**Student:** 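Have a look at this one before I ask anything.
Since the structure is predicted, the reported quantities are computational estimates derived from the model, not experimental observations. As the structure lists them, so they are numbered: ligands from 1, and atoms in each ligand from 1.
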Amino acid sequence: MTSPTHADYDFVVVSNRLPVDRVVDAAGTASWSRSPGGLVTALEPVMRSADGAWVGWAGQPDLEIEPFENEGIHIIPVPLSEYDIANFYEGFSNDTLWPLYHDVIAVPGYHRDWWENYVLVNQRFADATAGIAAQGAVVWVQDYQLQLVPRMLREARPDLTIGFFNHIPFPPYGIYSQLPWRTQIIEGLLGADVIGFQRVADAGNFSRAVRRLTNYATKNPAIEVAVPGQPTRRVIARSFPISIDAASFEELAREPRIQERAREIREGLGNPKTVMLGVDRLDYTKGIGHRLKAFGELLAEGRLNVEDVTMVQVANPSRERVAAYMQLRDEIELTVGRINGDFGTMSHQAVSYHHHGYPRDEMVALYLAADVLLVTALRDGMNLVAKEYVASRFDDDGVLVLSEFTGASDELKRALLVNPHDIDGLKDAIVQAIQMPAKERATRMRSLRRRVLENDVERWSSNFLQTLEQARKGRYDRIAPMALPDELEWTVDRRWSN
Ligand code: G6P
């Protein structure tokens with residue numbers, strides 16, 4: 001662990017979680033390991049060339065750690081107490097904003113003490129960033145946990161260029177308007193120079209909320225922030241669909257040891273004709289129950305046979321102290337137990353269920369082993385699992401069943417698109433996926449792969465950062481408006497159209 005030699009960074013990323021995990025070995029010695037996210041992979045080259053720092057929380061309560069360097073990235077830890085974790089993280093971030101922004105699939109809690117702590121913790125992140133950013137630095141704030149940081153930073157450091165990216169959906173105004181602090185959040189975000197969203201629809205929802213809650217004029221892709229006594233500022237709000245480091249998934253999938261592991265996995269499952277796979281954080285937005293219901297009914301009706309089809313469900317533990325997540329776990333595990341009890345045989349399990357995460361090697365082997373990937377989210381900002389599956393299938397095989405309520409479905413049109421609420425439709429799509437002829441599988445997968453390999457996470461970050469650079473220079477003429485898809489024309493306010 002070395003301390004940075006100076007404290008002024010030209011490029012700063014701010015996110016709730018740091019890109020490193022603290023690992024304590026048997027002897028009690030702590031070290032840091034890089035968490036395997038696409039974001040850090042994409043930003044690493046920028047970090048290295050621009051002398052970058054990453055501000056965030058180390059994932060455990062009350063850890064007061066000095067800044068340190070990890071594999072070329074300067075890490076600036078922000079501490080959270082038990083109280084902050086309960087109120088800022090589990091409370092306002094994940095029991096208010098998360099359900100609200102995902103179409104109120106679960107009921108959001110609106111508690112004033114959660115909000116007060118959210119303001120306080122956002123101020124702590126802003127202060128930590130303001131203290132280490134060089135004069136005129138570029139700062140990129142990530143996600144819904146930190147929506148007040150852009151404005152707080154701008155007030156402290158008007159010299160900075162500030163970007164914000166929302167990784168989750170931004171809800172329609174009819175839903176967003178429930179939030180008692182709806183105006184403060186909008187004003188918080190508008191402290192940025194560029195606000196990025198996953199889908200065009202998210203950027204449209206945001207601009208509509210701006211119009212309803214402020215007097216600022218909006219014209220795709222700009223918002224004119226006019227405060228009396230201050231020069232008008234322009235803020236860009238547009239979509240930048242995120243992706244993965246696609247080439248590294250393909251590279252792994254091409255390794256013989258991973259392919260051997262994929263064969264082993266199928267063998268372990270009793271070599272069924274079809275392996276179906278679900279991979280999700282155990283979250284109520286993911287539609288895991290809908291998927292299990294459809295599969296259970298297909299087995300009950302004899303349209304599928306347990307000797308022929310196995311479903312593997314990887315459910316990554318997540319936010320386990322939040323009540324809605326505890327309840328979801330109980331529901332899912334009860335359903336899995338019932339399906340296995342009703343349909344399993346001595347040699348074949350209907351659902352192979354795993355309540356833990358796996359390293360990337362094992363995930364890629366699973367992707368290769370799976371004939372069908374089921375992504376049935378009820379609402380999802382993007383869904384990177386869908387893109388990981390496609391990137392891994394260099395053999396042009398495998399079928400992606402994809403919910404139309406994911407951001408990924410805007411791009412991955414050649415998947416089998418489903419409405420997960422329509423259980424009969426979902427069942428038909430599952431059967432269609434299992435029976436799809438090899439030629440059609442290959443045509444669809446080739447088209448999906450082109451899309452994912454071309455638009456990787458490196459392109460995402462460079463598009464965002466280029467837009468931020470144009471905004472910094474005031475070259476707004478170089479920032480193209482968003483092309484609005486046909487289906488949005490009726491829902492997008494005229495002032496938001498070109
Ligand atoms: C989503 C959010 C991320 C978050 C991740 C894991 O992908 O967009 O901001 O980090 O879930 O959730 P957690 O609560 O464990 O950070």
**Student:** Do Tyr144 and Leu100 have side chains that get closer than 4.5 Å, going by heavy atoms?
**Tutor:**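 No - every pair of side-chain heavy atoms lies 4.5 Å or more apart.
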**Student:** Before signing off on this row, confirm whether Tyr144 and ligand 1 have an N or O atom pair separated by under 3.5 Å.
**Tutor:**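 Checking ligand 1 against Tyr144, no N or O pair falls under 3.5 Å apart.
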**Student:** Gln145 near ligand 1, heavy-atom distance under 4.0 Å?
**Tutor:**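 Right, Gln145 reaches ligand 1.
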**Student:** For ligand 1, which atoms have a heavy atom of Ile168 less than 4.0 angstrom away?
**Tutor:**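 Ligand 1 atoms under the 4.0 Å threshold to Ile168: 8 (O).
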**Student:** Evaluate Tyr389 against Val385 for side-chain contact (heavy atoms from CB on, under 4.5 Å), listing each step before the verdict.
**Tutor:** CA-CA 6 Å; Tyr389 180 64; Val385 167; 5.6 Å; no
**Student:** Are the side chain of Asp202 and the backbone of Phe170 linked by a donor-acceptor contact shorter than 3.5 Å?
**Tutor:**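 Checking the backbone N and O of Phe170 against the side chain of Asp202, a donor-acceptor pair under 3.5 Å is found.
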**Student:** Would you confirm whether any non-hydrogen atom of the protein falls under 4.0 Å from atom 7 (O) of ligand 1?
**Tutor:**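 False for atom 7 (O) of ligand 1.
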**Student:** Taking the six-membered ring of Trp98, is the NZ or CZ of Arg319 close enough (under 6.0 Å from the centre) and on axis enough (within 45°)?
**Tutor:**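 Pair Arg319/Trp98 counts as cation-pi.
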**Student:** What atoms in ligand 1 come closer than 4.0 Å to a heavy atom of Arg17?
**Tutor:**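 That gives atoms 13 (P), 15 (O), 16 (O) of ligand 1.
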**Student:** Please list the nearest protein heavy atom to atom 13 (P) of ligand 1 with its residue and the distance rounded to 0.1 Å.
**Tutor:**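 For atom 13 (P) of ligand 1, the nearest protein heavy atom is Tyr89 OH, 3.4 Å.
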**Student:** Could you label the plane-to-plane angle of the Phe92 and Tyr118 rings as parallel, tilted or perpendicular, counting under 30° as parallel and over 60° as perpendicular?
**Tutor:**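 Taking Tyr118 first and then Phe92, their aromatic rings sit tilted (interplane angle of 30° to 60°).
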**Student:** Pairs of nitrogen or oxygen atoms closer than 3.5 Å, one from Asp143 and one from ligand 1: do any exist?
**Tutor:**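 It does: an N or O of Asp143 is found under 3.5 Å from an N or O of ligand 1.
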**Student:** Establish, yes or no, whether the cationic atom of Arg112 lies under 6.0 Å from the six-membered ring centre of Tyr110 and within 45° of the ring axis.
**Tutor:**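 No, a cation-pi geometry is absent between Arg112 and Tyr110.
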**Student:** Out of Arg319, Met382, His167, Gln198, who is nearest to atom 1 (C) of ligand 1 when you count heavy atoms only?
**Tutor:**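 That would be Arg319.
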